[in-house]
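Reviewing the structure listed below.
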Amino acid sequence: MDKHPHLAGKLWLVGAGPGDPDLLTLRAARLLASADLVVHDGLVGDGVLALIPPHVERVSVAKQRSRHTMKQELINELLIRETLAGKQVVRLKGGDPFIFGRGGEELDAARKSGVTVEVVPGITAAAGCAAQAGLPLTHRDDASAVSFVAGQCKDLTDQDWSGLAGHGRTLVIYMGLATASAIADKLIADGVSPDLPVAVVERGTTTDARVLRTLLADLGDLVAREKVASPALIIVGKVAARADALDCLGAPGVVAQIRDFI
């Protein structure tokens, strides 16, 4: 493979934001209109995909839990091959390319192959979902630090999350629905209070979004009880009590416990 930069082709790693097409950056919208090829994830919203002109070729590389339409190595090869062929290639990724989007892997592959590449950031799900829910991820009274983690990683019990949740901290968990019960158990075992507020944002930033609120000890039961579906984000911390959310606590009388956090 030619290791020298192609004069015409260019690869753009573009963040599509959390779903609402109005949250797409102006730069991203311009690139979609001028691209030769758009390679997109399954989490990219239909409203964003509708901005791609009909003549622009598109390839879906949607991923689902435990099932991939195209392995990451093959996606990398596709991006490199089409860019070296002289095309303007947009790799359109849900949220931000560098936050649980494997954008770093694609950037490394492009650089190794001599492909000219540029990254266009997008609004990540944490920021978009929190804004819609009226939930400040930081607050002078409640939280001075925020951490993002992936709840779908292998060997979840081996992940070291100590100190990421609790007093003065907000923990945002991506891809955590399937392991919600294990996540709650893990945090409580690490010393986080079972009464810490938790918000779950389903289909964040879309018109049919749901924002549900409970306590950490009820997180797994809430996901099952309310039949929460992906994509969804879990936010753990005192700030979750400030969300515009439906209280969905499993035990009666504990709504007052959440209010005590405000």
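What's counted below: heavy atoms across the whole structure, side chains too, no hydrogens, waters or symmetry copies.
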I234 to A180 - nearest heavy-atom pair and separation: CD1-CB, 4.5 Å

For A240 and A199, work out which heavy atoms get closest and say how close. CB-N, 3.7 Å

Same hydrophobic cluster for V14 and V59, using side-chain heavy-atom links shorter than 4.5 Å among ILVMFWY? no

Kindly state each residue pair satisfying ring pair (Phe, Tyr, Trp, His ring centres under 6.0 Å) with at least one member in residues 196-217, sequence neighbours excluded. none

Donor-acceptor under 3.5 Å (K238 side chain, D142 main chain): no

Atom pair CG/CG of L13 and L79 - distance to nearest 0.5 Å: 7.5 Å

Roughly how far apart are K87 NZ and E82 CD, rounded to 0.5 Å? 4.0 Å

Show your working on side chain to side chain contact (heavy atoms under 4.5 Å, CB included) between V211 and L246 and close with a plain yes or no. CA-CA 6 Å; V211 185; L246 178 65; over 6 Å; no

Identify the two heavy atoms, one from P231 and one from L43, that lie closest to each other, and give their separation to 0.1 Å. CB-CD2, 4.0 Å

After noting the C-alpha distance and the side-chain angles of V198 and I235, does the key distance pass the side chain to side chain contact (heavy atoms under 4.5 Å, CB included) rule? CA-CA 6 Å; V198 175; I235 302 175; over 6 Å; no

Do the non-hydrogen side-chain atoms of V172 and V146 ever get within less than 4.5 Å of each other? yes

Measure the CG-OG distance between L137 and S147 for me, rounded to the nearest 0.5 Å. 11.0 Å

Is any side-chain heavy atom of V236 less than 4.5 Å from a side-chain heavy atom of T170? no

Sequence neighbours excluded, which residues qualify as side-chain hydrogen bond (donor to acceptor under 3.5 Å, both in side chains) partners of R203? D208

Please check: side-chain N/O of R58 versus main-chain N/O of V39, any donor-acceptor pairing under 3.5 Å? no

Measuring from K10:NZ to L31:CG, what's the distance to the nearest 0.5 Å? 8.5 Å

Mind jotting down which residue pairs meet the ring pair (Phe, Tyr, Trp, His ring centres under 6.0 Å) criterion with at least one end in residues 86-128? Sequence neighbours excluded, please. F100-Y174

Do any pairs count as a ring pair (Phe, Tyr, Trp, His ring centres under 6.0 Å) and have a residue in residues 114-143, sequence neighbours left out, and if so which ones? none

Contact check, side chains of V228 and L177, non-hydrogen atoms, under 4.5 Å: yes

Roughly how far, to the nearest 0.5 Å, is CG of L74 from CG of L78? 9.0 Å

Which heavy atom of A16 sits nearest a heavy atom of L92, and at what distance? CB-CD1, 3.7 Å

Could you list the donor-acceptor pairs under 3.5 angstrom formed by side chains in residues 126-133, with sequence neighbours left out?
{"unit_1": "Q132", "atom_1": "OE1", "unit_2": "T205", "atom_2": "N", "d": "2.7"}
{"unit_1": "Q132", "atom_1": "NE2", "unit_2": "T206", "atom_2": "O", "d": "3.2"}

Ignoring hydrogens and angles, tell me if any N or O in the side chain of S113 forms a donor-acceptor pair with the backbone of V115 under 3.5 Å. no

On a heavy-atom basis, which atom in G94 and which in V44 lie closest, and how many Å separate them? N-CG2, 3.9 Å

Does one hydrophobic cluster hold both L187 and L222, with members joined at side-chain heavy-atom distances below 4.5 Å? yes

Under a 3.5 Å distance rule, please check whether E202 uses its side chain to pair with a backbone N or O of A229 as donor and acceptor. yes

Taking all non-hydrogen atoms of both residues into account, name the closest pair between P18 and L23 and its distance. CG-CD1, 3.8 Å

Apply salt bridge (charged side-chain N to carboxylate O under 4.0 Å, His left out) to residues R27 and E118 and explain how you reach the verdict. CA-CA 12 Å; R27 192 175 206 187; E118 186 169 334; 2.5 Å; yes

V117/W12 under side chain to side chain contact (heavy atoms under 4.5 Å, CB included): CA gap, chis, key distance, verdict: CA-CA 6 Å; V117 58; W12 305 81; over 6 Å; no

Does the R242 side chain pair with the main chain of G134, one donor and one acceptor, at a distance under 3.5 Å? no

Side chain to side chain contact (heavy atoms under 4.5 Å, CB included) between I173 and L233, intermediate numbers included: CA-CA 6 Å; I173 304 164; L233 200 73; over 6 Å; no

If hydrophobic clusters are built from ILVMFWY residues whose side chains come within less than 4.5 Å, do V192 and V149 share one? yes

Can you hop from V201 to L171 via hydrophobic side chains spaced under 4.5 Å? no

Less than 4.5 Å apart, any side-chain heavy atom of L24 and any of L32? yes

Can you list every pair that meets side chain to side chain donor-acceptor pair (under 3.5 Å) and has a residue in residues 29-44, with sequence neighbours left out? D41-R91

Between the CD atom in Q159 and the OG1 atom in T179, the distance rounded to the nearest 0.5 Å is 10.5 Å

Linking I/L/V/M/F/W/Y whenever any side-chain heavy atoms sit under 4.5 Å apart, do I123 and V119 land together? no

